[in-house]
Amino acid sequence: MDGLDGPVLDVAPRLLGAELTSDLGGERVAVRIVEVEAYAGEGQDPASHAHRGRTRRNATMFGPPGLAYVYFTYGMHWCLNVVTSPPGTGAAVLLRAGSVVHGLEAVRRRRARPDDRVPADRDLGRGPARLTAALAVTGEQDGLDLLDGSGPLRLRLAPTSQERVEAGPRVGVGAAPSRPWRFWLADEPAVSAYRAGGRRRTR
DNA sequence: CATTTGATGTACT
DNA sequence: GTACATCAAATGG
């Protein structure tokens with residue numbers, strides 16, 4: 001069971017402490033995953049992209065464990081998930097935050113603002129879209145295998161973690177808001193801020 | 001500090 | 001039309 005094909009609530013916390021290496025954008029960057037969220041498969045989780053079955057966008061979720069599911073959100077950001085269930089199921093784990101352990105200078109360049117100001121180190125990968133920006137991940141990586149060691153994105157699971165894991169509700173999720181399916185490493189400064197889901201006033 | 005809002009594409013009702 | 005697994009700037013106290 002070094003694989004990722006168990007129940008998503010078991011697999012998600014096991015991704016904490018994993019190291020994700022990217023050779024995208026011509027530079028090597030590695031992060032240590034410190035925060036994740038579980039999304040269950042078709043018909044089991046109203047907040048999951050897989051809830052209503054397979055579509056073009058979520059097709060990768062229904063592939064085998066270890067694939068990268070990358071989606072575009074809010075018109076400008078990419079988010080990266082790891083598929084964790086057998087083909088046809090649709091469960092995945094969103095990688096929500098990581099701390100940079102290699103390639104800090106490259107990440108600072110990538111995350112620099114238009115006015116050249118650079119976020120504090122702890123903020124470089126703090127949030128799902130910040131994490132993909134740090135790693136130079138885009139939709140082109142959707143469907144890549146993260147576990148076979150052959151591609152530009154490689155995930156190496158941590159040995160049995162001895163760190164304290166905490167759990168709470170998922171961030172920004174309106175449907176099924178009470179499920180404590182977000183997991184993070186205690187005392188990690190790169191864990192993102194909680195924000196309740198739900199509607200913003202429309203205008 | 002906390003809270004609100006603009007940016008911007010896609011999926012769905 | 002409206003919501004959305006978001007971020008950063010702007011605004012208010």
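In the text below, chain A, chain B and the rest are named by the order of the sequence lines, each starting its count at 1.
Rounding to whole angstrom units, OH of residue A/Y74 and C1' of B/dG9 are separated by 13 Å. Look at CZ on A/R96: it is 12 Å from C1' on C/dC7, rounded to the nearest Å. Whole-Å rounding puts the A/L124 CG to C/dT6 P distance at 19 Å. If you measure from atom CG of A/D142 to atom C1' of B/dT10, you get 14 Å, rounded to the nearest angstrom. B/dA7 atom C1' lies 16 Å from atom CH2 of A/W78, rounded to whole Å. Atom OH of A/Y69 and atom P of B/dA11 are 9 Å apart (whole Å). As a whole-Å value, the separation of A/R126 CZ from C/dT6 P is 14 Å. A straight line from CE of A/M76 to C1' of C/dA5 spans 15 Å, rounded to a whole angstrom.
Between the side-chain ring of A/Y39 and the base of C/dA5, a stacking contact exists by the 5.5 Å and 30° definition.
Using a 4.5 Å heavy-atom threshold, the side chains of A/V101 and A/E19 count as touching. Side chains of A/D187 and A/R164 form a contact here, defined as non-hydrogen atoms less than 4.5 Å apart. When side chains are defined from C-beta on, A/V36 counts as touching A/L16, because their heavy atoms get closer than 4.5 Å.
For A/V171, taking side-chain heavy atoms from C-beta onward, the closest of the listed nucleotides B/dA11, C/dA8, C/dT6 is C/dT6. Comparing atom distances between the A/R57 side chain and each of C/dA5, B/dA7, B/dA11 picks out B/dA11 as nearest. Here C/dC7 is the nucleotide among C/dA5, C/dC7, B/dG9 with the atom lying nearest to any side-chain atom of A/R130. Looking at the side chain of A/H77, the nearest of the listed nucleotides B/dA7, C/dA5, C/dT6 is C/dT6. Checking B/dT10, C/dA9, C/dT6 against the side-chain heavy atoms of A/R113 singles out C/dA9 as nearest.
At a threshold of 4.5 Å between side-chain heavy atoms, the hydrophobic network of Ile, Leu, Val, Met, Phe, Trp and Tyr places A/V11 and A/F62 in two separate groups.
Taking the ring centroids of A/Y71 and A/H49, they lie under the 6.0 Å cut-off.
One finds a side-chain N or O of A/R111 lying less than 4.0 angstrom from the OP1 or OP2 phosphate oxygen of C/dA8. The side chain of A/R56 places no N or O atom within less than 4.0 Å of a non-bridging phosphate oxygen (OP1 or OP2) of B/dT10. Of the side-chain N and O atoms in A/R195, one or more sit less than 4.0 angstrom from OP1 or OP2 of C/dT6. Dashed line: the shortest gap from a side-chain N or O of A/H49 to OP1 or OP2 of B/dA11 is not under 4.0 Å. Taking 4.0 angstrom as the limit, A/R52 places a side-chain polar atom (N or O) nearer than this to OP1 or OP2 of B/dT13.
Residue-to-nucleotide contacts include a donor-acceptor pair under 3.5 Å from the side chain of A/Y71 to the base of C/dA5.
Between A/S85 and A/G90 the shortest heavy-atom distance is OG-N, 3.3 Å.
Comparing A/D123 and A/G172 against DNA chain C, the residue whose closest nucleotide sits nearer the 5' end is A/G172. Position along DNA chain C of the nearest nucleotide to A/R117 versus A/G174 favours A/G174 as the more 5'-ward residue.
The pairing partner recorded for C/dG12 is B/dC1, the criterion being a Watson-Crick or G-U wobble arrangement whose two distances lie under 3.5 angstrom.
Here, C/dA3 and B/dT5 have their P atoms 15 Å apart, quoted to the whole Å. Annotation: C/dT2 and B/dG6 have their P atoms spaced 16 Å apart (nearest Å).
Across all strands, A/A129 comes closer than 4.0 Å only to sugar-phosphate atoms, never to a base (heavy-atom distances).
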